[in-house]
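Notes follow once the structure below has been shown.
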Amino acid sequence: MGRFIIACGIDVILTHHPIADAANSGGVPLKSYLDLYDISVMELHEAFHGLHPGLSWLHGHKAFRVEIAYGGIPGNILYVGKALPEVKTLGDMLARLENLMCLEVEKQLLELECKLRGNIEIYETCLATRPEILAGAPENPVGTVAHIFPHTGFTAPHLVQVKKEHPEIDTLLATISRVHRGSDLLKQAEEMGLNFVVGNCHAVEIFENGLPLARAIQLSLPEVEVLMLRERVTATALADFGNEGIRKYADDIARTFLLPNKEKIK
Ligand SMILES: [Fe+2]
Ligand SMILES: [Fe+2]
């Protein structure tokens, strides 16, 4: 990464997610790379969250209530919001997210990549986790949204409670993280006749928070060239990864050096 940063002419990195030293750089303390390449690093996470209503807007609602410790659990964030006039149905909400997260380009890019690599199957983060409806139909109207982040501790009893507080809620929206299909939260939402939408995943936070942050820096420092760094993560079946030569290399190394009973391996 350090060499790439230098090749791009970057001398300061500003991350949104906190940096875990050594974890980010293969066990080598980051300082060793940063000093070597004369790169400065700053992070801006907690102080940035809460500064803007962008997550609600992207998902098509305007929050009229924001809790950061719902049910007395610190960090259990809950927004309750009204759908924007242009978002009338669940389908509108999904289409808005697909558009704003540039998913059509990702889809076309992945199709090209699969073809180019020999018609193999590849999964890509943003497409594999694209927004979807877990309960309800695309034509269902959206009026009032409870917007939650399941990894922060929102549970089925919290949903019962918030519905009591705002009986007009018709849609539960989970973003950043999601719930599995058998989850109590989904069952509870279905029992209550609520729509359940899974919105953006964490991989697109570069758009949700990274881009506004970068834009603010650019507006503050117009003479600075600001570049967006983005990783694209894919998953490929082992048998399809790389090419024949590198797969043979991996097979030889594994058989010769990595397996304890190599004589038993055919
Ligand atoms: Fe994040
Ligand atoms: Fe964040």
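A quick note: this is a predicted structure, and the numbers were derived from the prediction, not measured. Every number for a ligand or one of its atoms is a count from 1 in the order of the listing.
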Got a list of side-chain donor-acceptor pairs under 3.5 Å for residues 50-61, not counting sequence neighbours?
residue, atom, partner, partner atom, Å
His52, ND1, Gly54, N, 2.8
His52, NE2, Asn209, OD1, 2.6
His59, ND1, Leu55, O, 2.9
His59, NE2, Asn200, N, 3.1
His61, NE2, His147, ND1, 2.9

Check: Is Arg96 paired with Glu86 through a side-chain N to carboxylate O contact shorter than 4.0 Å?
Finding: yes
Item checked: Any side-chain heavy-atom pair of Phe4 and Tyr37 under 4.5 Å -> no
Check: What N, O or S atom of Glu205 is found closest to the Fe ion (ligand 1)?
Finding: OE1
Next item on the list: Quick one: report the N, O or S atom of His17 that is nearest to the Fe ion (ligand 1).
Entry: NE2
Notebook entry, point to check: Is there an N/O/S atom in His16 at a distance below 2.8 Å from the Fe ion (ligand 1)?
Noted result: no
Note to self: For Val12, give me all partners under side chain to side chain contact (heavy atoms under 4.5 Å, CB included), at least two apart in sequence or on another chain.
What the structure shows: Ser40, Met42
